[in-house]
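Take a look at the structure below.
What you see is a predicted model; the values in this text were computed from it and never measured. Order of listing sets the numbers, starting from 1, for every ligand and every atom in it.
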Amino acid sequence: MPDPITAPAIERYIGDLLPRRDPLLARVETHAREHRLPIVGPAEGRFLYTLVRLSGAWRILELGACSGYSALWIAAASEPGGGTIETIELDPRRADIAEANFKASAYADRIKLLRGNALEILPSLERGAYDLIFNDLLRSGAGETGGVPNQVRFLELSLDLLRSGGVLLSDNVLCGGQVAEPSPSGAAAGIAEYNRRLMSHPALESSIVPIRDGVAISIKR
Ligand SMILES: C[S@@+](CC[C@H](N)C(=O)[O-])C[C@H]1O[C@@H](n2cnc3c(N)ncnc32)[C@H](O)[C@@H]1O
């Protein structure tokens with residue numbers, strides 16, 4: 001779990017106000033706590049839910065499924081329209097858990113798990129076809145491909161897949177506050193570069209919201 005950007009008392013306050021989750025979401029939260037899995041948690045899950053509802057997104061892609069928690073929130077949000085969610089996970093054990101959670105949900109026929117490395121899977125997906133992309137692997141994306149930080153590759157690949165007017169949501173953009181240090185290192189360095197591009201990209205209108213570990217909301221022109 002990343003260090004919170006907001007004061008712990010505020011995090012607790014927001015958490016205490018959240019409505020009770022359905023039993024499956026509550027079980028996935030407990031499992032993640034017990035096994036220290038890096039899921040978005042209920043406050044951000046609810047925030048994602050609200051953004052998906054506002055966007056009216058129909059075809060959705062998630063980068064980083066983990067045990068499937070955020071995908072379940074997203075599926076619930078897109079329920080009235082009956083949209084589809086494709087979600088990518090590299091770790092086979094996490095992918096197995098996510099798949100079992102999707103099967104146990106009311107959205108089994110609308111969530112598709114793509115197993116493997118997002119860097120390899122993204123170029124094979126349909127360009128300009130997605131209404132909303134949730135990028136939740138910025139913190140796991142330390143490393144480079146051909147001298148380009150992986151986070152920047154994820155941004156380029158995601159923009160190819162997003163339709164005009166589509167929404168890109170990016171989690172962990174504040175990386176525990178490390179992005180604001182004079183010389184961030186590791187994943188924070190790649191995320192800082194991701195943020196610079198996100199905020200100045202001619203095809204994007206972006207805002208960073210300091211909720212939990214930082215969520216960026218971008219609209220593709
Ligand atoms: C922060 S977790 C996702 C949490 C999930 N979105 C949730 O809130 O329920 C990031 C996940 O991305 C996976 N991951 C990391 N690098 C990846 C890559 N290159 N391709 C696909 N998945 C990757 C990790 O195994 C991890 O489970």
Side-chain angles (χ1 to χ4, degrees), residues 1-4 15 18 21-22 24-52 60-78 85-102 104-105 107 111-125 132-146 148-158 161 168-176 186-188 190-191 194 211-216:
M1 200 64 76
D3 297 335
L18 291 172
R21 264 80 67 200
D22 79 42
L24 176 60
L25 277 179
R27 271 206 310 279
V28 180
E29 283 170 23
T30 305
H31 175 270
R33 243 191 333 272
E34 289 172 356
H35 294 84
R36 303 181 62 78
L37 293 179
I39 63 167
V40 294
E44 191 179 332
R46 179 82 185 176
F47 185 57
L48 286 176
Y49 174 93
T50 307
L51 294 173
V52 172
I60 298 170
L61 176 66
E62 177 182 68
L63 319 186
C66 195
S67 54
Y69 181 74
S70 51
L72 291 172
W73 273 105
I74 292 169
S78 65
I85 296 102
E86 290 155 74
T87 180
I88 305 176
E89 178 53 53
L90 180 62
D91 181 318
R93 275 175 309 158
R94 292 182 178 181
D96 287 344
I97 298 166
E99 212 148 52
N101 287 332
F102 298 154
S105 78
Y107 322 111
I111 310 180
K112 183 172 169 194
L113 183 76
L114 308 175
R115 292 169 179 259
N117 188 337
L119 284 170
E120 288 158 18
I121 292 173
L122 292 176
S124 70
L125 301 179
L132 186 143
I133 297 178
F134 175 45
N135 180 349
D136 196 10
L137 40 72
L138 288 178
R139 267 192 183 255
S140 337
E144 307 187 336
T145 313
V148 179
N150 284 343
Q151 288 91 350
V152 171
R153 283 292 294 142
F154 289 131
L155 178 60
E156 290 165 351
L157 292 167
S158 297
L161 299 177
L168 172 65
L169 304 175
S170 311
D171 195 20
N172 304 112
V173 293
L174 295 178
C175 198
I191 295 174
Y194 182 92
I211 180 174
R212 205 159 170 270
D213 198 34
V215 176

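- For the atom pair CG (L122) and CG (L157), the distance works out to 5.0 Å, reported to the nearest 0.5 Å.
- Rounding to the nearest 0.5 angstrom, the gap separating the CG atom in D171 from the CZ atom in F134 is 4.5 Å.
- Separation of atoms CG (L90) and OG (S140) is listed at 9.0 Å; rounding is to 0.5 Å.
- The side chain of E62, and not its backbone, has at least one atom closer than 4.0 Å to an atom of ligand 1 (non-hydrogen atoms only; side chain from C-beta on).
- Taking CD of E99 as the reference point, atom CD1 of I111 lies at 10.5 Å (rounded to 0.5 Å).
- The structure places CG of L48 at 6.5 Å from CG of L169, a figure rounded to the nearest 0.5 Å.
- Taking every heavy atom of R94 and a limit of under 4.0 angstrom, the matching atoms of ligand 1 come to 24 (C), 25 (O), 26 (C), 27 (O).
- Interface of A65 with ligand 1, defined as ligand atoms under 4.0 Å from a residue heavy atom, comprises 5 (C), 9 (O).
- Taking only non-hydrogen atoms, the option from G116, G64, S70 nearest to atom 21 (C) of ligand 1 is G116.
- Proximity of S67 to ligand 1, defined as any heavy-atom pair under 4.0 Å, is not found for any part of the residue.
- Considering backbone and side-chain N/O of F134, none are found under 3.5 Å from N/O of ligand 1.
- Per-residue contacts place Y69 under 4.0 angstrom from the following atoms of ligand 1 (heavy atoms of the residue considered): 9 (O).
- Which parts of ligand 1 touch N117 is read off a 4.0 Å heavy-atom cut-off, strictly below it: atoms 18 (C), 19 (N), 20 (N).
- Below 4.0 Å from some heavy atom of V40 lie the following atoms of ligand 1, by number and element: 7 (C), 8 (O).
- The S140 neighbourhood of ligand 1 comprises atoms 10 (C), 15 (C), 16 (N), with distances under 4.0 Å to a heavy atom of that residue.
- Of the possible donor and acceptor atoms, none in the side chain of S124 sits under 3.5 Å from a partner among the backbone N and O of E120.
- Under a 4.0 Å N-O distance rule, the pair E144/R153 does not qualify as a salt bridge.
- Between L119, D136, N135, L37, it is D136 that holds the heavy atom closest to atom 6 (N) of ligand 1.
- Closest heavy-atom approach to atom 14 (N) of ligand 1 among the candidates L137, L122, N172, I74: L137.
- Note that CG of D136 and OG of S170 are 9.5 Å apart. Values are rounded to the nearest 0.5 Å.
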